[in-house]
Amino acid sequence: MSMTEARLPDLPTLLPHRLEMERIFDAPRELVWMALTRPEMRVQWIGPVEWPMLSGTNDLRVGGLWRACLGSATTDEVLWQGGMYREVVAPQRLVFTFRWDESHEDGPPADTLVTIDLHALPDGRTRMVFVHEGLKSERSLEGHTHGWTSTFGRLDGWLQNRTF
């Protein structure tokens, strides 16, 4: 077993819903990687527009834990999420578990798995291939599709305001 892989229990296979997205960022892969992994950068763009990240922690290593607190843009409600890193291969691959702390969307929390692959393009841009699997229902898939689409829109805007 390499230092970038952890032998952890498999996630439940009874959760069939899978979200796959691809996006091109007009930024070098190293900057996109830093935005995904550095706490001071993550807090500036993570979360959909209506639920931006307020705070979080990030122990970027295989077996390390991450946490994020998202806050409603219109109320004082907060949502906590977190997980564990299963693969960390800088600056190209990040695999982690994802779980809401409390019931959200459609019942009790469930462990899911997120895989992000970053590909450097010849023109200096980055192609991201994103997969979120193990979502437990169509409703969860729809909610996460909205959430991740909005989140990556915020990341795109954040990256456009950076100099590189």
Side-chain angles (χ1 to χ4, degrees), residues 8 11-12 14-27 31-61 63-88 91 93-118 126-164:
L8 301 172
L11 295 172
L14 300 176
L15 303 175
H17 299 281
R18 175 183 173 105
L19 169 61
E20 296 181 34
M21 302 171 75
E22 188 171 312
R23 189 162 190 140
I24 304 292
F25 294 109
D26 191 13
L31 180 59
V32 177
W33 176 264
M34 289 188 298
L36 288 169
T37 59
R38 290 192 177 173
E40 71 275 12
M41 293 181 178
R42 291 166 44 93
V43 74
Q44 297 181 49
W45 62 268
I46 282 187
V49 172
E50 63 275 10
W51 286 93
M53 183 174 173
L54 302 176
S55 64
T57 59
N58 193 38
D59 183 8
L60 185 65
R61 63 184 173 83
L65 302 178
W66 68 272
R67 302 270 297 143
C69 177
L70 307 182
S72 169
T74 58
T75 70
D76 60 356
E77 188 178 2
V78 296
L79 295 171
W80 282 92
Q81 56 186 222
M84 177 185 293
Y85 288 105
R86 296 179 77 166
E87 267 185 79
V88 178
R93 185 173 174 87
L94 199 56
V95 180
F96 55 90
T97 60
F98 178 107
R99 179 185 181 99
W100 294 103
D101 278 13
E102 298 176 10
S103 294
H104 180 65
E105 292 168 339
D106 60 356
D111 286 322
T112 60
L113 188 68
V114 171
T115 301
I116 300 173
D117 287 303
L118 301 176
T126 302
R127 179 171 59 95
M128 177 190 71
V129 178
F130 174 90
V131 178
H132 191 164
E133 53 192 315
L135 300 168
K136 61 185 174 178
S137 69
E138 192 65 32
R139 182 175 179 202
S140 182
L141 176 60
E142 289 171 10
H144 282 91
T145 299
H146 166 75
W148 286 115
T149 300
S150 180
T151 294
F152 292 136
R154 292 184 64 213
L155 173 57
D156 193 37
W158 185 86
L159 289 167
Q160 289 178 18
N161 291 322
R162 300 285 139 312
T163 57
F164 42 89

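Side chains are part of it too, since the values below use all heavy atoms of this structure and drop only hydrogens, waters and symmetry mates.
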So does Glu133 get a backbone contact from the side chain of Arg18, meaning a donor-acceptor N/O pair under 3.5 Å?
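A pair under 3.5 Å: no.
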Answer with yes or no whether the side chains of Gln44 and Trp158 bring together a donor and an acceptor at under 3.5 Å.
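Per modelled atom types, Trp158 and Gln44 side chains form a pair under 3.5 Å.
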Could you list the residues that satisfy side chain to side chain donor-acceptor pair (under 3.5 Å) with Trp80, not counting sequence neighbours?
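Trp80: no side chain to side chain donor-acceptor pair (under 3.5 Å) contacts found.
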Considering residues at least two apart in sequence or located in another chain, which fulfil the side chain to side chain donor-acceptor pair (under 3.5 Å) criterion with Glu22?
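Testing Glu22 for side chain to side chain donor-acceptor pair (under 3.5 Å), a comparison that skips the adjacent residues, returns none.
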Spatial distance of atom [atom1] ([X]) from atom [atom2] ([Y]) [nearest 0.5 Å]:
X: Arg23; Y: Arg127; atom1: CZ; atom2: CZ; answer: 14.5 Å
X: Ile46; Y: Ser55; atom1: CD1; atom2: OG; answer: 11.5 Å
X: Leu60; Y: Arg42; atom1: CG; atom2: CZ; answer: 8.5 Å
X: Leu31; Y: Thr126; atom1: CG; atom2: OG1; answer: 8.0 Å
X: Leu118; Y: Leu94; atom1: CG; atom2: CG; answer: 8.0 Å
X: Leu159; Y: Leu155; atom1: CG; atom2: CG; answer: 4.5 Å

Qualifying residues under salt bridge (charged side-chain N to carboxylate O under 4.0 Å, His left out), relative to [X], sequence neighbours excluded:
X: Arg93; answer: Glu87, Asp117
X: Glu138; answer: none
X: Arg38; answer: none

Would you say that [X] contacts [Y] through its side chain, given a criterion of any heavy-atom pair below 4.5 Å between the two side chains?
X: Trp51; Y: Glu77; result: yes
X: Pro108; Y: Lys136; result: yes
X: Leu113; Y: Val95; result: yes

Keeping to residues at least two apart or across chains, list the salt bridge (charged side-chain N to carboxylate O under 4.0 Å, His left out) pairs with something in residues 50-59.
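Sorted pair list: Asp59-Arg61.
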Specify the closest pair of heavy atoms between Glu20 and Val131, including all atoms of both residues, with the distance to one decimal.
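Closest approach of Glu20 to Val131, heavy atoms only: CG-CG2, 4.1 Å.
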What are the two closest heavy atoms between Pro48 and Ser150, and how far apart are they?
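Closest approach of Pro48 to Ser150, heavy atoms only: CA-OG, 3.3 Å.
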Sequence neighbours excluded, which residues qualify as side-chain contact (heavy atoms from CB on, under 4.5 Å) partners of Arg99?
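For Arg99, the residues satisfying side-chain contact (heavy atoms from CB on, under 4.5 Å) (neighbours in sequence not counted) are Pro109, Asp111.
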Partner residues of Val114 under the side-chain contact (heavy atoms from CB on, under 4.5 Å) criterion, sequence neighbours left out
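Only Phe96, Phe98, Ile116, Phe130, His132, Trp148 meet the side-chain contact (heavy atoms from CB on, under 4.5 Å) criterion with Val114.
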Which donor-acceptor pairs under 3.5 Å do side chains of residues 64-73 form with protein atoms, sequence neighbours excluded?
| residue | atom | partner | partner atom | Å |
| --- | --- | --- | --- | --- |
| Trp66 | NE1 | Thr97 | O | 3.0 |
| Arg67 | NH1 | Asp101 | OD1 | 2.8 |
| Arg67 | NH1 | Asp101 | OD2 | 3.0 |
| Arg67 | NH2 | Asp101 | OD2 | 2.9 |
| Ser72 | OG | Thr74 | N | 3.1 |
| Ser72 | OG | Thr74 | OG1 | 3.3 |
| Ser72 | OG | Thr75 | N | 3.1 |
| Ser72 | OG | Thr75 | OG1 | 3.2 |

